[in-house]
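The structure appears right after this line, and notes come after that.
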Amino acid sequence: MKKLLKEKTSFVSDMLKGMALTDESHEVVADSIIVRKEKKIGKVALVSGGGSGHEPAHAGYVAEGMLDAAVCGEVFTSPTPDKVLEAIKSVATDAGVLLIIKNYAGDVMNFEMAMELAEMEGIKVDRVIVRDDVVIENKEQRRGVAGTVIVHKVAGYYAEQGLSLEEIKSKVEALLPNIATIGMAIEPCMVPTTGRYGFDLADDEMEIGIGIHGEKGIYREKIEPIDKVIERLMTEIEANLEFDDAVVMLNGMGGTPLSELSVAAHYLDEYFKSKNKSITKFLVGDYMTALDMQGFSITVVKSDEALIEALSANTKSKYFL
């Protein structure tokens, strides 16, 4: 295995220390939590996180206009409840704390346990759970994937506007059914802590419906030209979400060259035009990755003026562009 690291056991803490060096508004707490140095006063604080390996998520979105803290577990492993609790306590305000959780069993269990512990200490806290992966048929079991970044930005906007915890939760929960994501890969990722690939894939194959933890897709097909891949993915999204105007996030999985991601963006735009649908905001880049997996995901969000205002509002995160 060739990876740029010192020790497998210090991979996450070393990474976070390096990220904090490039942003003076950050500080690292307990080797696994990134928080904003400038604490909010009188406004709701936002905490998210999960296993590492999805960079820039979630630590890269700790910034004015987005998150106040990100708690980072080991690679593809949920952070423990005590770490989540420490993150909550590090940024809690009198207005309360909102937890933004991806729908994975470990994340949900550990974040909700931390929420209960925080409430026992007198902290006002609530949570929303993101389920945007449309390849899972059962809606309650759908995974939280790249659409989570949209939630970070929208919730961050409302928090900066001074809305209450109850108001922010209500607005986010109204948004969640309007977010649909599906991903694909042509190469798996190498997990640095195990030295193994997430799955095996032949040179002429692609995985459809991959997750963000290195897991294989829901089904496997022979690789196709990019316009056919776009059509295949969008067919799945359109079967789950009705829309005419949409915000679209084309998300690289970590190892996809910008040149290929740009080719995909071109054909995704052509697909929308062919369906007489409009892209009101187009986000292209690495937002929620799976280490060095080669592939991408498409997130479509039914658009309206309030969503565009929230997504266009200022943030100091250099990763949300």
Side-chain angles (χ1 to χ4, degrees), residues 12 15-29 32-41 43-73 79 87-88 90-91 93 97-102 128 130 132 144-163 168 171-172 175 179 181 212 247-254 258 261 281-291 296-297 299 301 306-321:
V12 173
M15 173 191 72
L16 293 179
K17 289 172 184 175
M19 291 185 73
L21 285 174
T22 65
D23 191 333
E24 294 182 352
S25 68
H26 284 170
E27 63 180 340
V28 179
V29 178
S32 61
I33 303 165
I34 287 259
V35 301
R36 289 173 58 183
K37 288 182 180 177
E38 185 178 348
K39 309 303 182 188
K40 278 182 181 169
I41 299 175
K43 296 180 180 180
V44 173
L46 304 180
V47 175
S48 191
S52 297
H54 309 304
E55 290 70 35
H58 301 79
Y61 303 123
V62 174
E64 182 179 323
M66 294 188 76
L67 300 177
D68 295 278
V71 53
C72 306
I88 293 171
S90 295
V91 298
T93 72
V97 178
L98 182 67
L99 305 181
I100 300 171
I101 309 170
K102 302 186 306 301
V128 292
V130 184
D132 59 310
V145 284
T148 309
V149 179
I150 299 292
V151 176
H152 290 166
K153 183 65 176 69
V154 171
Y157 167 74
Y158 288 127
E160 295 292 352
Q161 295 297 305
L163 272 65
I168 297 172
K171 286 181 177 294
V172 169
L175 171 67
I179 306 175
T181 300
I212 56 171
V247 169
V248 176
M249 173 185 284
L250 182 65
N251 169 61
M253 298 307 297
L258 179 58
L261 202 59
K281 191 173 184 65
F282 206 170
L283 303 166
V284 180
D286 285 354
Y287 291 92
M288 177 79 75
T289 64
L291 293 170
F296 63 89
S297 64
T299 298
V301 191
L307 176 64
I308 296 300
E309 182 177 349
L311 294 177
S312 301
N314 181 59
T315 176
K316 291 188 177 179
S317 170
K318 58 186 176 182
Y319 299 104
F320 191 92
L321 301 171

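No experiment lies behind these values; they were computed from the predicted model shown.
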Lys171 meets the salt bridge (Lys or Arg N to Asp or Glu O under 4.0 Å) criterion, sequence neighbours left out, with none

Applying salt bridge (Lys or Arg N to Asp or Glu O under 4.0 Å) to Lys316 and not counting sequence neighbours gives Glu64

Rounded to the nearest 0.5 Å, the CG atom of Leu46 sits from the NE2 atom of His152 at a distance of 8.5 Å

Going by the rule side chain to side chain donor-acceptor pair (under 3.5 Å), which residues pair with [X] if we only count those two or more places apart in sequence or in a different chain?
{"X": "Gln161", "result": "none"}
{"X": "Tyr157", "result": "Glu309"}
{"X": "Thr299", "result": "Thr181"}

So the salt bridge (Lys or Arg N to Asp or Glu O under 4.0 Å) pairs with at least one residue in residues 16-27 (sequence neighbours excluded) are Glu27-Lys39

In Val247, Val151, Val130, the residue satisfying side chain to side chain contact (heavy atoms under 4.5 Å, CB included) with Ile179 is Val151

Taking the side chain as everything from C-beta on, heavy atoms only, tell me whether [X] gets closer than 4.5 Å to [Y].
{"X": "Ile34", "Y": "Val28", "answer": "yes"}
{"X": "Met253", "Y": "Ile212", "answer": "yes"}
{"X": "Val301", "Y": "Asp132", "answer": "no"}
{"X": "Tyr319", "Y": "Asp286", "answer": "no"}

Minimal heavy-atom distance between Val149 and Tyr287, with the atoms involved, is CG2-O, 3.9 Å

* To do: Please say whether more than 12 non-hydrogen atoms of neighbouring residues, nucleotides or ligands are located less than 6.0 Å from CG in Leu21.
  => yes

message: Is it true that His58 and Lys102 share a donor-acceptor pair across their side chains at a distance under 3.5 Å?
response: yes

Could you go through Glu55 and Met15, starting from their C-alpha distance and side-chain angles, then the distance that decides it, and tell me whether this counts as side chain to side chain contact (heavy atoms under 4.5 Å, CB included)? CA-CA 10 Å; Glu55 290 70 35; Met15 173 191 72; 3.5 Å; yes

